[in-house]
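Being a predicted model, the structure only gives us computed values, none of them experimental. Chain identifiers are assigned alphabetically (A, B, ...) following the order of the sequence lines, protein sequences preceding nucleic acid strands; residue numbering begins at 1 within each chain.
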Number of protein chains: 2
Amino acid sequence: MVLDILKKNQLSVTEGRKKILELFLHNEGALAHADIEKKTGEMFDRVTVYRTLNTFVEKGIIHLIPTTDNSILYALCKDNCEAGHHHDNHVHFICDVCNKTTCLDEVTVPEVKLPIGFTPNHAEMVVTGVCDDCK
Amino acid sequence: MVLDILKKNQLSVTEGRKKILELFLHNEGALAHADIEKKTGEMFDRVTVYRTLNTFVEKGIIHLIPTTDNSILYALCKDNCEAGHHHDNHVHFICDVCNKTTCLDEVTVPEVKLPIGFTPNHAEMVVTGVCDDCK
DNA sequence: GTATTTTTGCAATAGTGTTGCAAGTTTAAA
DNA sequence: TTTAAACTTGCAACACTATTGCAAAAATAC
């Protein structure tokens, strides 16, 4: 599984990439750099984690989630991942209780009518509230 | 104008608050902390700018805009500001060309149907593309 | 005008992210 | 299977972003 994804994206198979990709595959929600650093412990250098995450974003294996605090959240979305690249037009949900961020793969970002003069390219939507686990 | 807003929110009137609030009033788009520091130059300490922005957010004079890089963007939205507090349910637009962020006060964030178990509280939407100035 | 409350500036600290380079690992090809 | 080329990693250094405590200064209230 992990190997397939790396090879499909023409990436060298290294311990760091395998481990970090596994974290995303076995983790429901989104992850921040700090989460990954905690979970991998002393295994890799901070810089390696940063570079691995950037590589994955460039290849479209994971994608960024917009937030209002100054944190960068990354998530792998199962459906798109298989296809090798992301459409990433789904809504993200951040739980006010457990703070977990979830990709709602089945909820598509709705179209909005913009004022005259504005041309849309991409739209992101983040909903906060109470998630299924915390209800 | 500036004084009205500060008094309405029960804030002491200081040089820093007046100057920063003016920046928002005379600036179309959103501002990051770094923008404000550049525009105020040596007038105030960085810490004062941080604290002023936090105070304004708490009082609802300005609000945060979600981004995918790790930057915090602040914007004052004319309509709500007059009322003393924000509804902040409008769409934000980030121009791919000039990178300016605009509040589309007249475009409301649409409702979406969430999966069973999820209860929404607040929704944010950010659209990227080409703005009116850059078209 | 003075006392009280609030805000500011400074110094120190912590967190976040990037770059250059040498050493190490992976890949591909003989 | 060995070797050479390409790529990735770790380290050190650096830059930027943000927060806290405390004393001095300013604003408000009386």
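- Of all nucleotides in DNA chain C, those with any atom nearer than 4.0 Å to a heavy atom of chain A start and finish, going 5' to 3', at C/dT16 to C/dT27.
- A salt bridge does not link B/D4 to B/K7: none of the charged nitrogens lies less than 4.0 Å from a carboxylate oxygen.
- Within 6.0 Å of NZ on A/K100 lie more than 12 heavy atoms contributed by other residues, nucleotides or ligands.
- Linking ILVMFWY side-chain heavy atoms closer than 4.5 Å, directly or via other members, places B/V109 and A/F118 in a single hydrophobic cluster.
- Residue pairs satisfying the ring-ring contact (aromatic ring centres under 6.0 Å, His included) criterion with at least one member in residues 43-62 of chain B, sequence neighbours excluded, are listed as follows: B/H33-B/Y50.
- Hydrophobic clustering, defined by side-chain heavy atoms of Ile, Leu, Val, Met, Phe, Trp and Tyr closer than 4.5 Å, leaves A/V47 isolated from every other such residue.
- Under a 4.5 Å side-chain heavy-atom cut-off, the cluster of Ile, Leu, Val, Met, Phe, Trp and Tyr residues that includes A/I94 is completed by A/V126.
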Write out a two-atom table: protein N or O, nucleotide N or O from nucleotides 25-28 of chain D, distance below 3.5 Å.
unit_1 : atom_1 : unit_2 : atom_2 : d
D/dT28 : OP1    : B/V13  : N      : 2.7

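- In this structure, the CG atom of A/N9 is 12 Å from the P atom of D/dT8, given to the nearest Å.
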| message | Determine whether B/N121 and A/V130 satisfy the following criterion, side chain to side chain contact (heavy atoms under 4.5 Å, CB included), listing intermediate values before the conclusion. | response | CA-CA 8 Å; B/N121 171 29; A/V130 183; over 6 Å; no
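- Between the side chain of B/H122 and the backbone N or O of A/V127 there is no donor-acceptor pair closer than 3.5 Å.
- Distance check, rounded to the nearest 0.5 Å: CE of B/M1 to CG of B/L25 gives 5.0 Å.
- Nearest heavy atom pair, residue B/E106 against residue A/P115, reads OE2-CG, 3.3 Å.
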| message | For a quick check, with a 4.0 angstrom heavy-atom cut-off, what is the B/S/- contact string for nucleotides 11-24 of chain D, read 5' to 3'? | response | BB----BBBBB---
